[in-house]
2 protein chains.
Amino acid sequence: MAETTEPGGTSDLEAILREAGLRITRQRRVILAILAEGGDHPDALALFRRASRQDATISLSTVYRTMKVLEEKGAIQRHTFEGGPARFEHADGRHHDHLIDLDSGAVIEFRSEKIEKLQEEIARELGYEIVSHRLELYGRRRK
Amino acid sequence: MAETTEPGGTSDLEAILREAGLRITRQRRVILAILAEGGDHPDALALFRRASRQDATISLSTVYRTMKVLEEKGAIQRHTFEGGPARFEHADGRHHDHLIDLDSGAVIEFRSEKIEKLQEEIARELGYEIVSHRLELYGRRRK
DNA sequence: ACTCTCTTGCAAATGATTTCCATTATCATT
DNA sequence: AATGATAATGGAAATCATTTGCAAGAGAGT
Ligand SMILES: [Mn+2]
Ligand SMILES: [Mn+2]
Ligand SMILES: [Zn+2]
Ligand SMILES: [Zn+2]
């Protein structure tokens, strides 16, 4: 089996670091791998715990520092959903918004082309250009 | 001129406290008056400073406590825009979302019936019922 | 291997908000 | 108006998430 670099894989995160002239350390590699598998939206502590299993020397500070640097490089996204601490996810291009299940805490992703368009329109009418936006729905399963 | 109770005035906030069996203290009255004039979205410190001009005995703790209690009663809304501390505004029924001017920090209110509808649809399709949501646009003036 | 400098872990610092607690004030009742 | 039960207050200390200072350690180009 060939060594393939899947999109959204860990190697593109490493590439971002490399291109920014940043060093690829053991702890960064571990953190990047966790982010790369994706799927969920872990907070710093969850990331720290998972990373610790791979490399017991990792510190929470390093997790925070790495998140900051990756965010600045645009490699990850930071979300601060209501209530809790910041949560992170690999930014692999395709933008989406979130629906948070108030009972389970689950985060469901969605994307509405129409809403995206309408946002642009609204901003334009108000004389603005959108730099970023945040749309979060908080709800419960319908019985 | 008759003593009129305008909608969104200070007296309805007082009424909410009264109906909840809460006491109307000098400091709460001052804070409520500031919220009632509305217009902007002050954070706790701004609220504290403005209130202090009216009543020098007010403490920041009281501002926070009052915001918490009013939020629980649904009398005000708490917003945590990116970056800064929580900001508050009188919840006078009419829901709206916000556009934040990244340069000036100004907060512009807007409301899109279409977006509100689309959100409901999305949630329904995902099997959810929306309890609350948050839509924030961050942008700059178009030149 | 050498060296320059970026990173790290740990502890201490921060900033926002909450909580503790002794004192004060509200307000229903007398 | 005085009383009393108890909610609210100010100030300090505690909490929580996150950042920062610093000395020691580790990338990576040579
Ligand atoms: Mn996501
Ligand atoms: Mn508003
Ligand atoms: Zn979106
Ligand atoms: Zn809305």
Side-chain angles (χ1 to χ4, degrees), chain A residues 11 13-34 41-49 51-73 75-88 105, chain B residues 13-34 41-73 75-88 105:
Chain A
S11 45
L13 281 177
E14 285 192 17
I16 286 170
L17 289 181
R18 217 178 294 275
E19 278 155 36
L22 298 170
R23 293 175 182 173
I24 294 170
T25 63
R26 184 166 29 87
Q27 25 284 85
R28 280 181 178 167
R29 217 187 294 271
V30 172
I31 295 170
L32 298 191
I34 294 171
H41 303 73
D43 61 24
L45 196 55
L47 226 32
F48 168 65
R49 282 201 255 258
S52 298
R53 274 185 263 145
Q54 303 282 134
D55 177 345
T57 81
I58 282 178
S59 74
L60 187 53
S61 300
T62 293
V63 172
Y64 276 114
R65 267 187 297 239
T66 303
M67 291 308 99
K68 179 174 270 207
V69 102
L70 287 178
E71 188 187 13
E72 281 163 3
K73 300 306 168 200
I76 63 159
Q77 279 199 245
R78 170 192 305 259
H79 303 294
T80 43
F81 300 134
E82 295 193 340
R87 300 171 69 161
F88 310 90
Chain B
L13 281 177
E14 284 192 18
I16 286 171
L17 288 182
R18 199 162 268 131
E19 279 156 34
L22 299 171
R23 293 176 183 175
I24 295 170
T25 64
R26 184 166 27 88
Q27 24 282 84
R28 280 181 177 168
R29 217 187 294 272
V30 172
I31 294 171
L32 298 191
I34 294 170
H41 303 73
D43 61 25
L45 196 56
L47 226 32
F48 169 66
R49 282 201 256 258
R50 292 187 209 172
S52 297
R53 272 185 266 145
Q54 303 282 134
D55 176 347
T57 80
I58 282 179
S59 75
L60 187 52
S61 301
T62 293
V63 172
Y64 276 113
R65 266 187 301 240
T66 303
M67 291 306 100
K68 178 175 270 208
V69 100
L70 288 178
E71 187 187 14
E72 281 163 2
K73 300 307 169 201
I76 63 158
Q77 280 199 244
R78 170 192 306 260
H79 303 294
T80 43
F81 300 134
E82 296 194 340
R87 301 172 67 161
F88 310 90

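Below, chain A is the first sequence line, B the second, and so on; all start at residue 1.
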Tell me the interatomic distance from [X], atom [atom1], to [N], atom [atom2], rounded to whole angstroms.
| X | N | atom1 | atom2 | result |
| --- | --- | --- | --- | --- |
| Arg18(B) | dA8(D) | CZ | P | 13 Å |
| Arg28(A) | dG25(D) | CZ | P | 19 Å |
| Lys73(B) | dA8(D) | NZ | C1' | 15 Å |

Measure the [atom1]-[atom2] distance between [X] and [Y] for me, rounded to the nearest 0.5 Å.
| X | Y | atom1 | atom2 | result |
| --- | --- | --- | --- | --- |
| Arg87(A) | Met67(A) | CZ | CE | 14.0 Å |
| Gln54(A) | Arg26(A) | CD | CZ | 12.0 Å |
| Leu60(B) | Arg49(B) | CG | CZ | 9.5 Å |

Looking at every heavy atom in both [X] and [Y], which two are closest together, and how far apart are they?
| X | Y | value |
| --- | --- | --- |
| Ala75(B) | Ile16(B) | CB-CD1, 3.6 Å |
| Ala44(A) | Phe88(A) | N-CE1, 3.8 Å |
| Ala86(A) | Asp43(A) | O-CB, 3.2 Å |

Next on the checklist: I'd like to know if the side chain of Arg28(A) and the backbone of Arg23(A) have a donor-acceptor N/O pair within less than 3.5 Å.
Outcome noted: yes
Checklist entry - Just to confirm, is there a sub-4.0 Å distance from OP1 or OP2 of dT18(D) to any side-chain nitrogen or oxygen of Tyr64(A)? => result yes
Item to check | Phosphate OP1/OP2 of dA26(D): any Gln27(A) side-chain N/O under 4.0 Å | outcome: no
Next on the checklist: Is any side-chain heavy atom of Thr80(B) closer than 4.5 Å to one of Thr80(A)?
Outcome noted: no
Item to check | No-H, no-angle donor-acceptor pair, Arg23(B) side chain to dA8(D) base, under 3.5 Å | outcome: no
Next on the checklist: Which residue in the set Thr57(A), Thr66(A), Leu32(A), Val63(A) passes side chain to side chain contact (heavy atoms under 4.5 Å, CB included) when paired with Gln27(A)?
Outcome noted: Thr57(A)
Next on the checklist: Among Ile31(B), Ile58(B), Ile34(B), which residue satisfies the side chain to side chain contact (heavy atoms under 4.5 Å, CB included) criterion with Phe48(B)?
Outcome noted: Ile58(B)
Next on the checklist: Under 4.0 Å, heavy atom to any atom of DNA chain D: which of residues 53-62 of chain B qualify?
Outcome noted: Thr57(B), Ile58(B), Ser59(B), Ser61(B), Thr62(B)
Next on the checklist: Please classify the nucleic acid contact of Arg65(B) as base, sugar-phosphate, or nothing, using heavy-atom distances under 4.0 Å.
Outcome noted: base
Next on the checklist: Under 4.0 Å, heavy atoms only, any strand: does Leu45(A) hit a base, just the sugar-phosphate, or nothing?
Outcome noted: nothing
Checklist outcome for this item: Comparing Ala44(B) with Ile24(B), nearest DNA chain C nucleotide closer to 5' gives the residue Ala44(B)
Next on the checklist: Under the criterion side-chain contact (heavy atoms from CB on, under 4.5 Å), I'd like the reasoning laid out for Leu70(A) against Lys73(A): C-alpha separation, chi angles, the key distance, then a yes or no.
Outcome noted: CA-CA 5 Å; Leu70(A) 287 178; Lys73(A) 300 306 168 200; 5.6 Å; no
Checklist outcome for this item: Note: chain A reaches DNA chain C at heavy-atom distances under 4.0 Å over the stretch, first to last nt, 5' to 3', of dT5(C) to dA11(C)
Checklist outcome for this item: Here the residues of residues 79-87 of chain A within 4.0 Å heavy-atom distance, strictly under, of DNA chain C are none
